Amino acid sequence: MSFPILTATAAIPAIGAIATAAVPAARRTAAKWLALLFSLATLVLAAVVLVRFEPGGARYQLTESHTWIKDFGVRYELGVDGIGVALLALTALLIPFVILAGWHDADPLETKSSRWRPTQGFFAMILAVEAMVILSFEATDVFLFYILFEAMLIPMYFLIGGFGDRAHAGGDEAAATQRSYAAVKFLLYNLVGGLIMLAAVIGLNVVAGSFSLTEIAAARANGSLDMATNTERLLFLGFFFAFAIKAPLWPLHTWLPNAMGEATAPVAVLITAVVDKVGTFAMLRFCLQLFPEASKWATPVILVLALISIVYGALLAVGQRDIKRLVAYASISHFGFIVLGIFAMTTQGQSGATLYMVNHGISTAALMLVAGFLISRRGSRLIADYGGVQKVAPVLAGTFLIGGLATLSLPGLAPFVSEFLVLVGTFARYPVAGIVATTGIVLAALYTLVLYQRTMTGPVKAEVSKMPDLRARELVVVAPLIALLLFLGVFPKPLTDIINPAVEHTMSDVQKKDPQPEVEAAK
């Protein structure tokens with residue numbers, strides 16, 4: 001038996017979570033270093049998976065399959081395609097930066113309401129989330145994916161509710177109330193989606209006789225699976241509803257600004273750059289592959305929802321007074337672009353959407369983590385409390401600007417390539433939708449540049465006049481992310497070579513071909 005490398009990529013952070021939680025309470029620093037080492041070991045193993053993956057090979061590679069719950073036909077089945085391996089690598093890459101950025105976020109406080117802050121638990125739960133997200137990108141058994149899809153909510157609930165942002169203007173009691181509200185809202189929204197998905201998972205098993213994604217796909221291909229049209233559409237809606245909440249897509253998005261606003265900056269990155277990607281990934285892997293006819297049937301409505309997300313999220317970002325909520329609404333707009341690319345049903349659109357997932361994760365991590373460093377210095381999330389920061393902390397301001405420019409998809413930075421592909425793919429089949437989506441680009445420039453102008457330029461406010469610049473640990477967090485934004489902005493080929501073959505399989509699932517350009521015959 002070959003080495004189960006996919007299992008190992010999830011087992012290492014899972015073991016790390018247990019080991020970190022077991023560190024004695026007085027050894028907080030040891031727990032931090034242990035968590036960091038396990039996250040780095042996971043990154044090394046993810047790099048091995050990336051190297052071993054053959055873009056031109058089988059659709060699912062490095063596969064593993066074992067009987068799990070025999071009586072119910074549930075198997076422990078893993079395999080990665082180009083989309084899954086790219087997101088696996090993104091997750092493994094970001095977690096060490098999340099841990100480093102949150103190095104002091106769980107240290108004990110003197111205030112009465114926040115005295116109990118178990119540092120070990122904070123870092124253990126981050127590793128637990130990493131393990132479950134990685135395994136969800138690898139799972140090819142629908143029931144196994146569902147278990148992971150729901151289980152990751154538990155540590156995320158505690159990370160939001162138990163380790164919230166310290167920069168809260170209302171004091172400790174108000175902060176605790178807002179954190180609890182945000183955590184409960186996050187949990188309830190996602191649980192409702194998960195319960196509806198559970199009914200659809202059971203229904204799929206009744207119709208198809210299996211939970212195995214590969215078996216169901218093979219049955220579809222050879223014609224042995226005959227799924228009634230109405231049944232397929234109902235099952236699709238059950239899956240898509242849960243994924244749209246996780247993504248999040250308008251109008252199921254309202255939990256995200258609360259969760260990101262009340263969480264610490266590293267946990268906010270964990271939410272939007274890592275966990276939420278499971279929703280859009282699952283649209284590609286499960287919705288399009290399991291329910292191709294229903295996916296095409298629902299496309300017009302989904303495109304409208306995606307366009308509303310793009311414009312609505314950007315408009316609300318323009319009007320925000322809170323830095324973190326601004327980034328949250330910007331992410332809603334960006335997820336609209338991702339969903340638009342997926343359901344444009346073109347190879348450019350779906351390749352751009354997958355690339356967007358990776359690039360959005362990197363750019364949002366860079367912007368949000370620098371914003372977190374800024375907020376921790378001033379003790380406020382309000383934009384109005386800043387001004388002139390670039391004069392006292394030029395490196396912090398410069399990295400903040402690059403993160404912001406990546407968010408607005410400036411040419412030369414990684415998100416531009418993915419956004420361009422999404423728009424090209426959308427224009428090819430739905431030109432009106434492509435035109436509407438471009439308004440999101442204009443609004444992104446507005447909210448990003450206004451944010452920078454109000455916080456970093458102008459007269460130096462007294463409260464920021466002695467603000468220190470980025471420290472060594474913070475530079476170690478930010479510099480690699482900025483380097484990646486620049487590298488992938490000018491040379492995205494390593495990623496597109498991995499992603500494109502997987503997208504071709506997805507297009508084959510829905511039996512769609514790219515529209516041919518209309519060229520007038522030469523006279």
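Every value quoted in this text rests on a predicted model; they were computed, and no experiment measured them.
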- Query: Just by modelled atom types, is the Y329 backbone N or O under 3.5 Å from a matching donor or acceptor in the S333 side chain?
  - Reply: no
- Query: Does any donor atom in the side chain of Y189 or T254 lie under 3.5 Å from an acceptor atom in the other side chain?
  - Reply: yes
- Worked check of side chain to side chain donor-acceptor pair (under 3.5 Å) between S210 and S212: CA-CA 5 Å; S210 174; S212 172; 4.6 Å; no
- Task: For a side-chain contact (heavy atoms from CB on, under 4.5 Å) with F137, tell me which candidate from L6, T91, D81 qualifies.
- Result: T91
- For L78, which of L144, D141, T9, L62 qualifies under side-chain contact (heavy atoms from CB on, under 4.5 Å)? L144
- Item | Steps toward side chain to side chain contact (heavy atoms under 4.5 Å, CB included) verdict (W250, V339) | CA-CA 11 Å; W250 184 92; V339 175; over 6 Å; no
- How far does CD of Q350 sit from OG1 of T506, to the nearest 0.5 angstrom? 5.5 Å
- Could you label the plane-to-plane angle of the Y312 and H253 rings as parallel, tilted or perpendicular, counting under 30° as parallel and over 60° as perpendicular? perpendicular
- Considering only heavy atoms from C-beta outward, does the side chain of W255 approach that of I271 to under 4.5 Å? yes
- Message: Run I498 and L50 through side chain to side chain contact (heavy atoms under 4.5 Å, CB included) and show every step you take.
- Response: CA-CA 9 Å; I498 294 172; L50 199 60; 3.8 Å; yes
- Task: Compare all side-chain heavy atoms of L443 with those of I310 and state whether any distance is below 4.5 angstrom.
- Result: no
- Query: Would you call the rings of F211 and F143 parallel, tilted or perpendicular, where under 30° means parallel and over 60° means perpendicular?
  - Reply: tilted
- Inspect the contact between E293 and R233 and indicate whether a charged nitrogen and a carboxylate oxygen are less than 4.0 angstrom apart. yes
- Message: Before we go on, tell me: are the rings of F243 and F149 under 6.0 Å apart, centre to centre?
- Response: yes
- Does one side chain, of S65 or E77, offer a donor that lies under 3.5 Å from an acceptor on the other? yes
- May I ask you to check whether H360 and F337 place their ring centres under 6.0 Å from each other? no
- Apply side chain to side chain contact (heavy atoms under 4.5 Å, CB included) to Y157 and V184, showing your working. CA-CA 7 Å; Y157 169 79; V184 170; 4.2 Å; yes
- State whether a side-chain donor-acceptor pair under 3.5 Å links E64 with T7. yes
- Task: On the 0 to 90° scale, with breaks at 30° and 60°, tag the F145-F281 ring pair as parallel, tilted or perpendicular.
- Result: tilted
- Task: Mind checking salt bridge (charged side-chain N to carboxylate O under 4.0 Å, His left out) for E504 and listing every partner two or more places apart, or none if nothing turns up?
- Result: none
- Quick one: does D276's side chain get under 4.5 Å of L256's, heavy atoms only? yes
- Residue pair V267 / M156, side-chain heavy-atom distance below 4.5 Å: yes
